[in-house]
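Fair warning: this is a prediction, and the values are worked out from it, not measured in the lab.
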Amino acid sequence: MLWADKRALEQRVKVDMIGIREQELKFYTVNLQSIGMQSALLAGYLYPAIIYIVIPQGKNTTLVTAYLCLTASAFGLHMIAVINAMMCSMLAPGLALRGPDGSM
């Protein structure tokens with residue numbers, strides 16, 4: 001009887017710990033999704049800054065080149081952030097649930 005009570009208590013503690021870990025996993029997933037949304041929004045603002053810019057003739061080519069390079073690199077970095085956030089928020093919960101004991 002004492003052994004069965006001990007096993008039942010261990011199982012309840014395990015279930016409670018899994019519930020806490022599930023809440024933690026949801027917290028990280030929501031944070032990653034919000035990072036992805038913010039980065040996608042900023043990348044959406046950067047796209048017209050690259051495509052629809054009209055550069056007048058006779059302007060300083062160094063400044064124009066710097067503007068285009070910095071805008072394109074910012075757009076690329078935002079797209080990398082969107083892809084990383086999407087992959088982590090989609091794959092992390094499944095990997096944590098299917099992983100070895102203690103991965104979640």
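- Between Cys88 and Pro93, the closest heavy-atom pair is O-CD, 3.9 Å.
- Using a 4.5 Å heavy-atom threshold, the side chains of Tyr67 and Ile55 count as separate.
- Annotation: salt bridge (charged side-chain N to carboxylate O under 4.0 Å, His left out) contacts of Lys14 (sequence neighbours excluded): none.
- Met90 and Leu95 fall within the same hydrophobic cluster, defined by Ile, Leu, Val, Met, Phe, Trp and Tyr side-chain heavy atoms under 4.5 Å apart, directly or through other members.
- Here the CD-CG distance, from Gln38 to Leu42, works out to 7.5 Å after rounding to the nearest 0.5 Å.
- Remark: Ser34 engages no residue in a side-chain contact (heavy atoms from CB on, under 4.5 Å) (not counting sequence neighbours).
- Under a hydrophobic-cluster definition in which Ile, Leu, Val, Met, Phe, Trp and Tyr are linked whenever side-chain heavy atoms come within less than 4.5 Å, directly or via other members, Met79 and Ile51 are assigned to the same cluster.
- Across every non-hydrogen atom of Thr29 and Ser89, the tightest pair is CG2-O, 3.9 Å.
- The cluster map of Ile, Leu, Val, Met, Phe, Trp and Tyr, joined by side-chain heavy atoms under 4.5 Å apart, puts Tyr52 and Ile50 in the same cluster.
- With values rounded to the nearest 0.5 angstrom, Glu10 atom CD is found 5.5 Å from Lys6 atom NZ.
- Across all non-hydrogen atoms, the minimal contact from Gly36 to Val82 is O-CG2, 3.6 Å.
- Using a 30° and 60° split on the angle between ring planes, Phe75 and Tyr47 fall in the tilted class, from 30° to 60°.
- Minimum interatomic distance between Ala81 and Ser39 (heavy atoms only, all atoms of both residues): CB-OG, 3.4 Å.
- Tracing side-chain contacts under 4.5 Å through hydrophobic residues (I, L, V, M, F, W, Y), one never reaches Leu46 starting from Leu68; they form parts of separate clusters.
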